[in-house]
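The sequence lines fix the lettering, A, B, ..., with proteins before strands; numbering per chain opens at 1.
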There are 2 protein chains.
Amino acid sequence: MGQAILVVEDDREISGLVSALLVREGFSARVAENGAAMDRLLAESPADLILLDLMLPGEDGLSICRRLRADGAIPIIMVTAKSDDIDRIIGLEVGADDYVAKPFNPRELVARIRAVLRRTAPAAAPATASSRRVRFEDFVFDIDAHRLFRGTEEIALSTGDYDLLAVFIERPMRVLTRDQLMDLTKGRSWEAFDRSIDVALSRLRRKIEADPTKPALIKTVRNAGYMFATTVRKD
Amino acid sequence: MGQAILVVEDDREISGLVSALLVREGFSARVAENGAAMDRLLAESPADLILLDLMLPGEDGLSICRRLRADGAIPIIMVTAKSDDIDRIIGLEVGADDYVAKPFNPRELVARIRAVLRRTAPAAAPATASSRRVRFEDFVFDIDAHRLFRGTEEIALSTGDYDLLAVFIERPMRVLTRDQLMDLTKGRSWEAFDRSIDVALSRLRRKIEADPTKPALIKTVRNAGYMFATTVRKD
DNA sequence: ACGGTTTGTAACGGCGTGTAACGGCGCTTG
DNA sequence: CAAGCGCCGTTACACGCCGTTACAAACCGT
C-alpha cells in the first residue's frame, strides 16, 4: 500500500506512537532501535524514507545519516529531543532532507514526510511519472490512473471498488482477512458485525466476475477472508 | 557583505530582532511590512532569500509565496505564529523551501536559512531548462500562452479553467484536496460548504473530457478530492 | 436431515458529488 | 454611459456511492 517509512528510534513509546500514526496515514512503517537493526531491515527490503533519531544507543544518528548519504539517496528526516540541537545538526550539513524537534505535532510530521517524499520523488523517477499498469486474466488495470479495462472496454470503478481491487492486485494468491482488507482500504479496523467489506466485495464482483454467482477471480475463504485467485503480470 | 535576506513581517519587534540576528550572522537584511513594500524593495535590488510571515496586513503570505514562485525562483522560508498552521501550509504545496514556527530558536532559524541557501545555490543557474509546453493524451497545453489544443483544434479556456488545469498539470497522478485546489487557484482557503471548486471542475470537464459523465482525465476521489489521472509529457 | 453459523445480496437511506440555472460583476463596444 | 456579453460563485436539486440492515442461501458439524 503506502510508501515504506523506517523509524529509527530507541524509545519504544515514541516509536509505537509514530508507527501507529504513519500506518493510520496510509504509510507502511517499520521500527529499528539502533543503527545495526536499521541495516538489517534495509537489507530485507528498502525504505522510501527514514525517520532518524539523533540520540541512539551505539552508533549516533549523525553518523548513520552520513553513512546513508554516502551510499544511497534515501530521503532522511532527522528527529531530535532538544530543539537546540536542530541548528547544530543543520549546521553540520549531514545532508538530511528535513529536521524536526521533539515533541512534534503529529500532523506536522506527516506533512513534512509527504513534502520530502514529494520533493525527492521527481529525482528518482522522471518528473512525468508514468503510470503503473498490471494485467490479470483479460484485464488491464492502470493503478495510478484508477482505470480498469477488459479487452478494449473500460469498466467504471467507484473509489470503493478501486481501493479494494488495488489491495488485491498487490497481494494475489493470498488470503486476506476482513480486518486486513478494512485496514488497507479504509484505514480503520474491523468490528465483529461489520458487513461493509462483504457488500463492497459483492459490488466489485458484479463488475469484474464473468458469473458473480460463481466467483473465479476473488474467492471466498470461509472463516478466513477473501483471496485474489489469479496471477498478476506487471506490464 | 553577506547574502541579501528580505524579511517580510509586520511585527516591528520581531523584524527588528530578526534583522539584527541576521546582520550579526553576516547576512545583509532588509525589512518589508507587507507585500507591496516587498515588491518595492525587490524592484530596487534582488534578494537571495525571503523570510515570509504567513499573517500579514493586506495580501496574505500564501498569496505572496505563490506569486513569487510564479515568476522567479527566489528561495522562500515561510514563518507562522501558530505551529498548527505549519502542516496546513506544507500540505497546500505553495512551494516554499522550508517552514518555521514562531517562536523560533534564533540559531535554528539561521541554520535553516543557511541550509536552504546551500540547497538552492546550484539550482539557480539551470532553472530555465524546461519548456513551458506540455502534452497529455492528444492535447497540447501551452502554459505561458494560456492556450489548449486538442489535435489542431483550439479549446478556449477561461481563466478559471486555465488556473485549474495548470494546477493539475504540475501535479499529475496525485489526489488534490479541495483545500489545496482552492488555495492554489484562488489563494483562499476552502470552507465546508463551498461548492465552487466542484462547479469549476464540472465546467473544465465539459471542455476536455470525451464523455463528461464518465471522466477519464480528472477523476473524483470520494471524500478526498480530485486527481489528474494521465501522464504529462514535457515538450 | 437438522440447526447454527457464515456469506451473498437486495433494499434503504444518508451524504457526497454533478450540474443546470440564476444573477452579480467587470469588461467591451458603440 | 448604457447595453451586451462572458465569467464565475451560489443555490437547488438529481444522482450515485456506500454503510447498514434484513433476509436468503450456502456451508458444516453432528
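In this structure, of D:dC7, C:dG18, D:dC18, it is D:dC7 that holds the atom nearest to the side chain of B:T159. Which of D:dC17, C:dG8, D:dT10 sits closest to the side chain of B:R222 comes down to D:dC17. Side chain of B:D194, nearest nucleotide from D:dT10, C:dT17, C:dG8: D:dT10.
Of the N and O atoms on the side chains of B:R88 and B:T80, not one donor lies less than 3.5 Å from an acceptor on the other residue. Between the side chains of B:D194 and B:S196, at least one donor N or O sits under 3.5 Å from an acceptor N or O.
Position along DNA chain D of the nearest nucleotide to A:V199 versus B:F193 favours B:F193 as the more 5'-ward residue. Projected onto DNA chain D by closest heavy-atom contact, B:A200 and A:N223 fall at different nucleotides, the more 5' of which corresponds to B:A200.
In this structure, B:W190 places its CH2 atom 15 Å from C1' of D:dT10, rounding to the nearest Å. Protein atom CG of B:L204 is 13 Å distant from nucleotide atom P of D:dG9, rounded to whole Å. Atom CD in A:E209 sits about 10 Å away from atom P in C:dT9, given to the nearest Å. To the nearest angstrom, C1' of C:dT17 lies 16 Å from NZ of B:K214. Distance CG (A:D198) to P (D:dC27): 15 Å, rounded to an integer number of Å. Atoms CD1 (A:I197) and P (D:dT20) sit 11 Å apart, rounded to a whole Å. Atoms CZ (B:R188) and C1' (D:dT10) sit 11 Å apart, rounded to a whole Å. Put simply, NZ on A:K219 is 15 Å from C1' on D:dA26, counting in whole angstrom units.
Taking side-chain N and O atoms only, A:R195 has no distance below 4.0 Å to OP1 or OP2 of C:dT9. For A:T220 and C:dT6, the shortest distance from a side-chain N or O to OP1 or OP2 is not below 4.0 Å. Regarding contacts with the backbone of C:dT9, a side-chain N or O of A:S202 is found under 4.0 angstrom from either OP1 or OP2. Between A:S158 and D:dG16, a side-chain N or O to OP1/OP2 separation shorter than 4.0 Å is absent. Not one side-chain nitrogen or oxygen of A:Y226 sits closer than 4.0 Å to the OP1 or OP2 atom of C:dT6. The shortest distance between the side-chain N/O atoms of A:Y162 and the OP1/OP2 oxygens of D:dC18 is not below 4.0 Å.
For B:D60 and B:R188, the salt-bridge test fails: no basic side-chain N is under 4.0 Å from an acidic carboxylate O. Look at B:R69 and B:D97 and you find a salt bridge, because one of the NZ, NE, NH1 or NH2 atoms lies within 4.0 Å of a carboxylate O, short of that distance.
A:R206 comes within contact range of the sugar-phosphate backbone alone, with a heavy-atom separation under 4.0 Å but no base atom that close. Residue A:K186 is classed as a sugar-phosphate contact, given heavy-atom separations below 4.0 Å to backbone atoms only.
Side-chain contact check for A:L21 versus A:F27: every heavy-atom pair is 4.5 Å or farther apart. The shortest distance between side-chain heavy atoms of B:F141 and B:L157 falls below 4.5 Å.
Counting atom types as modelled, A:R203 pairs a side-chain N or O with a base atom of D:dG19 as donor and acceptor under 3.5 Å.
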